Amino acid sequence: RQRVWAALRTLPPGLVSTYRDLALGFGGPGYARAVGTGCATNLISPIVPCHRVTRTDGALAGYFWGLERKRWLLDHERQHARHAY
């Protein structure tokens, strides 16, 4: 869980990743379920921004605080993020 949370904290505001892409960073697509579990057990979002993770098809998936809030957070970050990358 700690490794997943650390990876989530590297996702810049306004950008998203997928469970699969994060899983590849842990060794392969088979770790996608572990990424999902890490997101599901995160109760301090948006500090650990699990709302920035979507399914491979871009669809929003489970979020403890509800999908409407996840959608709002993503939209808000896209509108206000200032990327210096």
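Model, not experiment: these values are computed from the prediction.
Between Phe64 and Ser45, the closest side-chain pair of non-hydrogen atoms is not below 4.5 Å. With contacts defined as side-chain heavy-atom distances shorter than 4.5 Å, the pair Arg55/Tyr19 qualifies. Counting heavy atoms from C-beta outward, His51 and Cys39 have side chains that stay 4.5 Å or more apart. Looking only at side-chain heavy atoms (C-beta outward), Thr37 and Val4 stay at 4.5 Å or farther from each other. Side-chain contact between Val16 and Glu77: absent, with no pair of heavy atoms (C-beta onward) separated by less than 4.5 Å. Two residues are said to be in side-chain contact when any heavy atoms from C-beta on lie closer than 4.5 Å; Thr41 and Trp5 meet this criterion.
To the nearest 0.5 Å, atom CG of residue Asp21 and atom OG1 of residue Thr56 are 7.0 Å apart. We find the OG1-CG distance between Thr18 and Leu24 to be 7.5 Å, quoted to the nearest 0.5 Å. Tyr63 OH to Thr54 OG1: the interatomic distance, rounded to the nearest 0.5 Å, is 14.0 Å.
Ile44 and Val35 fall within the same hydrophobic cluster, defined by Ile, Leu, Val, Met, Phe, Trp and Tyr side-chain heavy atoms under 4.5 Å apart, directly or through other members. Leu8 and Leu15 are not part of a single hydrophobic cluster, where members link through side-chain heavy atoms under 4.5 Å apart.
For the side chain to side chain contact (heavy atoms under 4.5 Å, CB included) criterion with Arg71, the lone passing option out of Leu74, Asp75, Leu73 is Asp75.
The aromatic rings of His76 and Trp72 sit parallel to each other, their planes meeting at less than 30°, with 60° as the upper class boundary.
Put simply, the side chain of Arg52 gets close to the backbone of Leu11: a donor and an acceptor are under 3.5 Å apart.
Residue Tyr31 places its OH atom among 12 or fewer non-hydrogen atoms of other residues, nucleotides or ligands, all under 6.0 Å distant.
Residues Ala61 and Leu67 approach most closely at O-CD2, 3.1 Å, considering heavy atoms.
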